[in-house]
Amino acid sequence: MENMQNVTAALDALGVKTCLACGKAGAKSLCTGCRSVSFCGAACQREAWRGHKRACRRVQRERARVLDAIAPTAPDAPAAARSAAVASA
């Protein structure tokens with residue numbers, strides 16, 4: 001198993017997508033949750049879900065935290081437009 005992880009890491013470094021479940025090169029489907037790992041298809045994704053679930057949710061939480069930090073919530077746009085219209089009148 002460790003040898004397969006080394007091969008997968010080397011292929012990823014070269015830009016070749018490998019399936020998380022079976023290790024085959026040329027995986028086309030991304031995990032729809034974290035979009036950070038690839039799979040051959042739905043069968044491989046189901047097979048790998050038990051082991052990937054915790055990492056997937058961690059990546060999703062981290063991505064949301066980073067996005068919240070760099071894109072603060074904008075004020076309500078319609079209210080801001082009304083304020084601008086009243087100020088110009």
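Computed from a predicted model, the values in this text were never measured in an experiment.
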Distance-only check: which donor-acceptor pairs under 3.5 Å involve side-chain atoms of residues 48-67, not counting sequence neighbours?
residue, atom, partner, partner atom, Å
E62, OE1, R65, NE, 3.4
E62, OE2, R65, NH2, 2.5
R63, NH1, C34, O, 2.7
R63, NH2, C34, O, 3.3

When every non-hydrogen atom of A27 is compared with those of C19, the smallest separation belongs to CB-N, 3.6 Å
OG of S36 to CG of L20, rounded to nearest 0.5 Å, is 9.0 Å
Closest heavy-atom pair, G41 versus S29, reported as atoms and distance to 0.1 Å, is CA-OG, 4.2 Å
In short, K17 meets S38 closest at the heavy-atom pair CD-OG, 3.5 Å
